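The sequence lines fix the lettering, A, B, ..., with proteins before strands; numbering per chain opens at 1. Keep in mind the model is a prediction, meaning the values are calculated, not measured.
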2 protein chains.
Amino acid sequence: MSDTKDKLLAATADTLREAGIAGLSARAIATRAGVNQALIFYHFTTVADLVVAATKRTVDESVGYYRAEFAKACSLVELLQIGRGLHEREQELGNVRLMSQLMAGGQQDAILAEAAAYALSTWSEEIETVVRRLLAGSPLELIADPRGLAKAVSASFIGLELYEGIDPVAGRSALDALEQLGMLVEVMDDLGPVARRALRARIKRSKVGLGKSDTVV
Amino acid sequence: MSDTKDKLLAATADTLREAGIAGLSARAIATRAGVNQALIFYHFTTVADLVVAATKRTVDESVGYYRAEFAKACSLVELLQIGRGLHEREQELGNVRLMSQLMAGGQQDAILAEAAAYALSTWSEEIETVVRRLLAGSPLELIADPRGLAKAVSASFIGLELYEGIDPVAGRSALDALEQLGMLVEVMDDLGPVARRALRARIKRSKVGLGKSDTVV
DNA sequence: GTCTATACACCGATAGAC
DNA sequence: GTCTATCGGTGTATAGAC
């Protein structure tokens with residue numbers, strides 16, 4: 001990887017983090033990279049292509065780092081703890097912000113949408129794998145769809161990040177509330193056998209977790 | 001309210017919905033409104049001020065509509081159903097998209113951030129009121145912080161909307177997963193007395209719902 | 001209140017020298 | 001591969017005629 005290309009990729013991620021999608025431009029990227037503006041088009045043809053390459057690199061690096069962490073988790077509660085650390089780390093690196101800006105831009109721009117879809121599915125698949133492994137045996141298994149749940153977690157992270165950028169105090173309290181709710185998982189994970197059986201029966205009795213074609217009441 | 005001002009306010013909301021924060025400009029708004037571009041600055045001084053006024057109007061109208069709906073809810077399950085309808089309606093009107101674009105822009109622009117903060121707190125306060133009323137008596141009361149929870153719900157809606165704009169199928173499955181999880185509320189709301197007591201006791205026993213200063217294990 | 005015309009900065013992208 | 005110079009277009013905002 002040439003030095004210029006590398007500098008441009010790094011500067012693109014940084015610009016997206018700090019100036020947002022509305023402030024992203026070839027000139028802004030080139031200035032930050034300390035590189036001539038024309039070189040963007042020589043190396044990457046268009047600004048959009050550069051953004052795609054830069055976000056892909058960022059996501060692959062982050063997800064790769066957390067693959068090993070996820071593998072260590074032996075319970076849903078442990079996973080929740082890893083998730084907390086992940087959020088803090090990614091927050092600090094500015095990667096959640098990068099992703100939220102990419103997603104906002106992707107609502108109107110097809111090329112950015114493709115980049116955002118790649119980022120989201122890469123994260124979601126990684127999360128799904130570990131959730132599926134740890135959900136086995138829990139009463140939650142009857143309710144939760146691991147794939148959809150993983151996507152929902154990713155989506156919520158994005159929303160929380162945006163909230164925190166707008167109103168840090170409120171965003172923080174939203175995150176705290178979700179963590180408290182995550183404790184529900186701990187409780188259900190660790191219920192005595194009697195209560196666990198009762199809960200499991202109650203869940204089965206409701207329509208929850210059944211396909212739409214089933215009409216058991 | 002003069003006709004021109006009204007047209008500009010409506011066009012601003014529409015432009016934000018359809019062109020996003022990166023495509024928002026005085027020219028784009030004026031063209032959509034069928035109004036001379038210079039009139040934006042005559043009536044609203046700056047584009048940012050116009051955006052603030054437009055989003056405030058949109059949010060006040062939407063929240064006002066739902067205040068009456070929320071008042072009708074008599075159980076958490078009913079609230080969940082209203083929430084589903086709300087999501088569909090706001091989605092169709094494009095108001096969630098408007099809000100997500102406003103939040104994305106607000107990460108870098110202080111004036112947009114103020115508008116986004118107003119929108120978020122207006123929604124959150126309305127949701128908090130009804131959640132607080134309906135949570136009384138549920139075992140969830142011991143865990144959940146209504147204020148934080150309301151903000152978390154708002155944030156998650158934003159994230160889900162962005163996800164759906166990027167990958168409609170995946171976004172839909174994320175929403176479905178959250179709704180299934182919402183069924184957990186139904187189950188806990190409607191548990192037999194024995195299981196309810198067991199669950200309540202288990203929740204109390206865990207550190208959940210206690211302040212940080214308490215160190216009961 | 002509404003219009004035209006315009007100032008000035010920045011945008012993506014390209015041509016062509018080196 | 002890297003540079004300067006430049007094209008046509010768009011951005012906010014204002015001056016001044018009507």
Side-chain angles (χ1 to χ4, degrees), chain A residues 1-55 57 101-102 104-115, chain B residues 1-55 57 101-102 104-115:
Chain A
M1 170 83 66
S2 82
D3 190 47
T4 298
K5 279 178 106 167
D6 194 72
K7 274 195 272 186
L8 282 173
L9 289 169
T12 301
D14 283 345
T15 305
L16 207 42
R17 284 188 263 252
E18 288 171 33
I21 189 70
L24 189 79
S25 74
R27 286 164 148 87
I29 295 167
T31 301
R32 189 179 291 263
V35 150
N36 189 288
Q37 177 248 4
L39 290 176
I40 286 179
F41 304 96
Y42 174 78
H43 285 292
F44 294 96
T45 314
T46 84
V47 174
D49 288 352
L50 170 56
V51 172
V52 170
T55 55
R57 196 176 74 150
Q101 292 295 324
L102 190 64
Q107 306 293 313
Q108 285 85 29
D109 181 312
I111 296 179
L112 294 185
E114 200 185 329
Chain B
M1 169 86 66
S2 82
D3 189 48
T4 298
K5 278 178 108 166
D6 194 73
K7 276 195 272 187
L8 282 173
L9 288 170
T12 302
D14 283 345
T15 305
L16 207 42
R17 284 187 263 252
E18 290 173 30
I21 189 69
L24 188 80
S25 74
R27 286 195 219 270
I29 295 167
T31 301
R32 189 179 291 262
V35 151
N36 190 289
Q37 176 248 6
L39 291 175
I40 286 179
F41 304 97
Y42 174 78
H43 286 292
F44 296 96
T45 315
T46 85
V47 174
D49 288 352
L50 170 55
V51 172
V52 170
T55 55
R57 197 175 74 149
Q101 292 296 323
L102 189 64
Q107 305 294 312
Q108 285 84 32
D109 181 312
I111 296 179
L112 294 184
E114 201 186 326

Of the options [options], whose atoms approach the side-chain atoms of [X] most closely?
X	options	value
Leu39(A)	dT2(C), dC3(D), dT12(D)	dC3(D)
Ala26(B)	dC3(C), dA13(D), dT12(D)	dT12(D)
Val47(A)	dT2(C), dG12(C), dA13(D)	dG12(C)

Under 4.0 Å between a side-chain N/O of [X] and OP1 or OP2 of [N], yes or no?
X	N	answer
Arg27(A)	dC10(C)	no
Ser2(A)	dG1(D)	no
Thr4(A)	dT2(D)	yes

Nucleotide [N], atom [atom2] - distance to [atom1] of [X] in whole Å:
X	N	atom1	atom2	answer
Asn36(A)	dG1(D)	CG	C1'	11 Å
Lys5(B)	dT2(C)	NZ	P	11 Å
Phe44(B)	dA13(D)	CZ	P	14 Å
Phe41(B)	dA5(C)	CZ	P	18 Å

Next item on the list: Using the closest heavy atom to pick a nucleotide of DNA chain C for each, name whichever of Tyr42(A) or Ser25(A) lands nearer the 5' end.
Entry: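 The residue mapped nearer the 5' terminus is Ser25(A).
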Note to self: Could you go through Val52(B) and Phe44(B), starting from their C-alpha distance and side-chain angles, then the distance that decides it, and tell me whether this counts as side chain to side chain contact (heavy atoms under 4.5 Å, CB included)?
What the structure shows: CA-CA 10 Å; Val52(B) 170; Phe44(B) 296 96; over 6 Å; no
Check: Looking at side-chain heavy atoms only, is the closest gap between Asp109(B) and Ile21(B) below 4.5 Å?
Finding: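 No, their side chains stay 4.5 Å or more apart.
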Notebook entry, point to check: Is any side-chain heavy atom of Arg57(B) closer than 4.5 Å to a side-chain heavy atom of Asp6(B)?
Noted result: yes
Check: Picking from Val35(A), Ile29(A), Thr12(A), what satisfies side-chain contact (heavy atoms from CB on, under 4.5 Å) with Lys7(A)?
Finding: Val35(A)
